[in-house]
A.B. asks: 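Could you have a look at this structure, given as structure tokens, before my questions?
All residue numbers in this chain count up from 1 along the given sequence. Just so you know, ligand 1 is whichever comes first in the structure, and atom 1 is the first atom listed for that ligand.
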Amino acid sequence: MLIGFKEILDMAEKGNFAIPAFNVYNMETVMGVIEAAEELNAPIIMQNYSRLFTNEEGYYVAPIILAAAEKAKVPVCYHLDHGAGETEVVRALRYGTTGIMIDKSLLSFDENIAETKKIVDMCSAIGVAVEGELGHVGMASAGDEQTTEYTTVEDAKRFVDETGVAALAVMVGTAHGRYKQAPKLAIDRIAEIHDAIDAAVVLHGGSGVPDEEIQAAIKAGIRKINFGTDLCYSFLDTVFDTSRDKIAIDMFMKDAIKGVKNFAMSKIKLLGAENKA
Ligand code: 13P
């Protein structure tokens, strides 16, 4: 069933686990993720990058995600990831997302608060909860995970109090993309932020984070973990290995769906979301 962002985050907080948030792109990645969630009886988030709403893909993929969510027995939230601005947010809402992220983490602290609050106010008019980002989570290709400019507890508290976000993505030692070296997370900082704020703490850049770090982060209070890059590889690696003799695209894609499903199942188990639906 399709549920709201706040509802699914509350399930994680109550159950002391993290919701896996999978970045999906097309029907096959949606099918792989939803099959995994159903088989493991897990609540999940499916999310789209903001550019899918800047460009045309969101228009086509949104109905697929909604159809999968509505048919599923397990709770599914459809979320906009790293919303770039009002245009993408409004489009995402019109296409049916039940959660919104606005990412103004590259702005100054005060501007980030002002821009995020604008989106929170707009979304609250239709009961959609919002994720913000404080302390920019950069790119693994640039080694950004190695900076120790972690999100501070004081800033996180003020940001949540002043914006009213339901979830906060924080910089605690991760970055997006493939790491050159396994990252080491600031587990104590996660625990301090979790204790201080009235919002779910979110970890971006989940691909390639060692299992023990993920488990420690959840124990410290992370309630949503994003997986983008490794989901792409689970799809693409299988596509590149699939025989070119398979011409009919639905038949060709069967292995790729299975690749995504296996990947999603492994993360659902790792995050403790199995049987939490
Ligand atoms: P990865 O691509 O590193 O898994 O990060 C995904 C993400 O955080 C999406 O917002």
Side-chain angles (χ1 to χ4, degrees), residues 5 8-9 12 18-26 29-30 32-33 36 44-54 57-58 61 65 77-85 88-89 92 97 99-106 116 130-147 150-151 165-185 190 200-211 213-214 217-218 222-237 259-260 262-264 266-268 270-271 273:
F5 189 44
I8 209 160
L9 295 172
I19 305 283
F22 298 110
N23 287 78
V24 292
Y25 297 84
N26 58 5
T29 48
V30 171
V33 167
I44 51 133
I45 293 172
M46 283 195 274
Q47 55 190 16
N48 291 143
Y49 282 117
S50 190
R51 69 169 179 276
L52 275 71
F53 296 99
T54 311
E57 291 85 358
V61 81
I65 295 169
C77 165
Y78 178 24
H79 192 57
L80 166 66
D81 190 26
H82 290 287
E88 288 76 11
V89 169
T97 53
I100 290 289
M101 179 184 187
I102 182 75
D103 179 1
K104 294 291 178 184
S105 59
L106 284 172
T116 304
V130 174
E131 173 181 346
E133 178 166 322
L134 180 67
H136 183 63
V137 181
M139 299 304 297
S141 54
D144 288 341
E145 73 280 6
Q146 285 159 28
T147 159
Y150 303 135
T151 307
V165 290
L168 185 66
V170 289
M171 171 50 193
V172 285
T174 58
H176 298 95
R178 278 225 152 152
Y179 300 104
K180 292 184 187 118
Q181 264 179 320
K184 186 99 191 79
L185 307 192
I190 294 170
V201 192
V202 179
L203 188 70
H204 280 236
S207 299
V209 178
D211 289 0
E213 294 281 312
I214 294 262
I218 296 170
I222 288 287
R223 295 296 171 244
K224 169 181 182 260
I225 303 184
N226 290 1
F227 297 100
T229 304
D230 280 350
L231 186 138
C232 290
Y233 279 110
S234 73
F235 177 81
L236 292 174
D237 286 349
V260 172
N262 289 339
F263 170 75
S266 71
K267 297 304 171 193
I268 287 169
L270 177 64
L271 271 52

A.B. asks: Under the side-chain contact (heavy atoms from CB on, under 4.5 Å) rule, collect the residues that match up with H176, sequence neighbours excluded.
C.D. replies: H82, V137, M139, H204
A.B. asks: Looking at A84, is its backbone amide N or carbonyl O close enough to the side chain of K104 to form a donor-acceptor pair, meaning the two atoms are under 3.5 Å apart?
C.D. replies: yes
A.B. asks: Just by distance, with hydrogens left out, do E88 and T54 show a side-chain donor and acceptor under 3.5 Å apart?
C.D. replies: yes
A.B. asks: Around ligand 1, what residues show up once you keep those with a heavy atom under 4.0 Å from it?
C.D. replies: N23, Y49, D81, H82, A175, H176, G177, H204, G205, G206, S207, N226, F227, G228, T229
A.B. asks: In the structure I gave you, are the side-chain heavy atoms of E131 and V202 within less than 4.5 Å of one another anywhere?
C.D. replies: yes
A.B. asks: Without hydrogens or angle criteria, can the side chains of Q146 and K184 be said to hold a donor-acceptor pair below 3.5 Å?
C.D. replies: no
A.B. asks: Closer than 3.5 angstrom, by distance alone: can the side chain of E213 be matched with the main-chain N or O of L185 as a donor-acceptor pair?
C.D. replies: yes
